[in-house]
Amino acid sequence: MHTFTLSSDRHAALDRPVWSSLNGGHRHFALGGPLALRYPREIGPFAALRDDSAAAWSALTGLLAPGESVMLVTPDPVVGTDGLEATRLGPVLQMVATRDAGQAGAATLLLGDEDAAEMRSLTGLTNPGPFGVRTHELGEFLGIRDGGVLAAMTGERMRPEGMVEVSAVCVHPEHRGKAYARVLLVEKMRRIVDRGYLPFLHVYPDNAGAIALYESLGYAARRTLQLTRVTAAE
């Protein structure tokens with residue numbers, strides 16, 4: 001069994017995962033400049049500020065259409081500024097892999113463009129987080145089909161340098177209780193580690209069942225971050 005440790009640089013990057021991702025493995029998606037960045041609308045609603053300065057908030061305002069909302073993931077609560085209304089959506093618990101989880105022991109499928117509509121349908125049933133028409137381009141997605149139906153999937157989201165976020169863990173309501181989430185999480189972790197990256201993820205602190213599953217697979221709580229929706233004035 002392999003164990004993983006976090007360097008100080010990785011700790012700093014994980015404190016601001018969206019900013020680190022758009023300056024790291026997802027820089028090819030980044031829209032904006034040195035003060036504020038965002039993902040394309042079709043990819044996802046996440047954005048980030050370099051800091052909490054008035055200039056950074058102004059730069060973010062320039063990236064949004066009137067009435068448009070984006071989500072920030074920050075170490076501390078943010079309050080918005082003139083022209084941008086901030087709504088706190090609550091804390092999220094960040095968890096980081098401390099060891100590998102072994103082999104999945106069951107077959108999983110690579111999902112692609114041809115599966116995108118069905119992936120969006122599954123996330124609509126299970127609400128694992130924002131999933132747009134191009135969210136599947138963020139990284140590798142795995143699925144399990146049962147009776148020809150996409151019964152479960154998981155994939156990747158943020159990519160700070162040297163790390164990959166596991167995301168969109170969802171199981172169709174008619175296929176729960178079959179350990180599909182565990183199978184997919186084990187295989188996703190293995191594939192991330194085999195590529196030389198460290199897996200991490202985010203979960204709501206009151207989701208005790210998911211947290212217990214992640215802990216059983218070797219994830220440990222690192223810190224709590226703040227999720228905030230920011231909306232531009234009409």
Side-chain angles (χ1 to χ4, degrees), residues 4 6 10-11 13-21 39 44-48 69-80 85-99 101 119-132 135 138-139 141-144 151-160 163-189 192 198-231:
F4 314 124
L6 276 176
R10 286 185 171 182
H11 273 292
L14 286 171
D15 282 347
R16 304 167 70 211
V18 182
W19 181 260
S20 300
S21 182
Y39 281 92
F46 290 96
S69 296
V70 290
M71 293 184 183
L72 308 182
V73 183
T74 57
D76 303 302
V78 297
V79 297
E85 178 185 0
T87 303
R88 294 184 188 178
L89 302 179
V92 291
L93 180 65
Q94 186 180 81
M95 304 183 74
V96 179
T98 62
R99 59 171 173 81
M119 294 163 75
R120 291 195 299 276
S121 177
L122 181 57
T123 59
L125 288 172
T126 56
N127 194 30
F131 204 93
T135 300
L138 287 172
F141 281 77
L142 303 176
I144 294 176
M153 76 171 192
T154 192
E156 301 173 1
R157 191 163 57 185
M158 305 303 169
R159 286 197 183 188
M163 295 174 282
V164 174
E165 180 190 10
V166 177
S167 184
V169 183
C170 46
V171 180
H172 193 289
E174 296 180 3
H175 294 279
R176 289 173 181 160
K178 300 179 180 180
Y180 286 162
R182 175 177 288 274
V183 168
L184 287 166
L185 284 163
V186 170
E187 180 63 10
K188 172 48 56 186
M189 179 186 284
I192 290 172
L198 177 71
F200 71 101
L201 53 81
H202 296 98
V203 60
Y204 287 112
D206 60 355
N207 193 343
I211 291 171
L213 172 60
Y214 299 147
E215 288 177 338
S216 75
L217 297 175
Y219 287 91
R222 177 182 170 268
R223 69 163 297 166
T224 297
L225 299 173
Q226 303 299 317
L227 180 64
T228 305
R229 181 174 62 242
V230 176
T231 304

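We count residues from 1, following the sequence as given.
In this view, Thr87 satisfies the side-chain hydrogen bond (donor to acceptor under 3.5 Å, both in side chains) rule with no residue, not counting sequence neighbours.
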Determine, step by step, whether Gln226 and Asp76 satisfy the side chain to side chain contact (heavy atoms under 4.5 Å, CB included) criterion, reporting the C-alpha distance in whole Å, the side-chain angles of both residues, the deciding distance to 0.1 Å, and the verdict. CA-CA 6 Å; Gln226 303 299 317; Asp76 303 302; 5.6 Å; no
Please test Val96 against Leu14 for side chain to side chain contact (heavy atoms under 4.5 Å, CB included), starting from the C-alpha separation and ending with a verdict. CA-CA 9 Å; Val96 179; Leu14 286 171; 3.9 Å; yes
I'd like to know whether Met119 forms a side chain to side chain contact (heavy atoms under 4.5 Å, CB included) with Phe131, so could you lay out the CA-CA distance, the side-chain angles of the two residues, the decisive distance to 0.1 Å, and finally the verdict. CA-CA 9 Å; Met119 294 163 75; Phe131 204 93; 3.9 Å; yes
Could you check Thr74 against Arg16 for side chain to side chain contact (heavy atoms under 4.5 Å, CB included), going step by step and ending with a plain yes or no? CA-CA 6 Å; Thr74 57; Arg16 304 167 70 211; over 6 Å; no
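Remark: side-chain polar atoms of Thr135 are paired, donor with acceptor, to backbone N or O of Gly132 under 3.5 angstrom. For Ser20 (side chain) and Ala13 (main-chain N/O), a donor-acceptor pair under 3.5 Å exists by modelled atom type. A donor-acceptor pair under 3.5 Å is absent between the side-chain atoms of Glu156 and the main chain of Gly139, judged by distance alone. At least one donor-acceptor pair under 3.5 Å links the side chain of Thr126 to the backbone N or O of Leu122.
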May I have the list of side-chain donor-acceptor pairs in residues 208-224 shorter than 3.5 Å, sequence neighbours left out?
{"from": "Ser216", "atom 1": "OG", "to": "Arg182", "atom 2": "NH2", "distance (Å)": "2.7"}
{"from": "Ser216", "atom 1": "OG", "to": "Leu213", "atom 2": "O", "distance (Å)": "2.6"}
{"from": "Arg222", "atom 1": "NE", "to": "His11", "atom 2": "ND1", "distance (Å)": "3.0"}
{"from": "Arg222", "atom 1": "NH1", "to": "Asp15", "atom 2": "OD1", "distance (Å)": "3.1"}
{"from": "Arg222", "atom 1": "NH1", "to": "Gln94", "atom 2": "OE1", "distance (Å)": "2.8"}
{"from": "Arg222", "atom 1": "NH2", "to": "His11", "atom 2": "O", "distance (Å)": "2.8"}
{"from": "Arg222", "atom 1": "NH2", "to": "His11", "atom 2": "ND1", "distance (Å)": "3.4"}
{"from": "Arg222", "atom 1": "NH2", "to": "Asp15", "atom 2": "OD1", "distance (Å)": "2.7"}
{"from": "Arg223", "atom 1": "NH1", "to": "Asp15", "atom 2": "OD1", "distance (Å)": "3.2"}
{"from": "Arg223", "atom 1": "NH2", "to": "Pro75", "atom 2": "O", "distance (Å)": "3.3"}

Sequence neighbours excluded and cut-off under 3.5 Å, please list the side-chain donor-acceptor pairs for residues 167-174, or say none.
{"from": "His172", "atom 1": "ND1", "to": "Glu174", "atom 2": "N", "distance (Å)": "3.0"}

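Put simply, the side chain of Thr98 does not reach to within 4.5 Å of the side chain of Phe4, judged on heavy atoms. Using a 4.5 Å cut-off on side-chain heavy atoms (C-beta onward), Lys188 and Pro199 make no contact. Between Tyr39 and Ser21 there is a side-chain heavy-atom pair separated by less than 4.5 Å. The side-chain heavy atoms of Leu198 and Val164, taken from C-beta on, include no pair separated by under 4.5 Å. Residues Pro160 and Arg10 fail the side-chain proximity criterion, which asks for heavy atoms closer than 4.5 Å. Side-chain contact between Met153 and Ile144 is absent, with no heavy-atom pair separated by less than 4.5 Å.
To the nearest 0.5 Å, atoms CG (Leu125) and CZ (Arg120) are separated by 13.5 Å. If you take OG1 on Thr154 and CG on Leu184, they are separated by 6.5 Å, rounding to the nearest 0.5 Å. Note that CG of Leu138 is 7.5 Å distant from CE of Met158, once rounded to the nearest 0.5 Å. Going from atom CE of Met189 over to atom CG of Leu201 covers 8.0 Å, rounded to the nearest 0.5 Å.
Aromatic ring centres of Tyr204 and His202: separated by at least 6.0 Å.
Across every non-hydrogen atom of Ala47 and Val18, the tightest pair is O-CG1, 3.5 Å. Across all their heavy atoms, Phe141 and Gly155 have their closest contact at CD2-CA, 3.3 Å.
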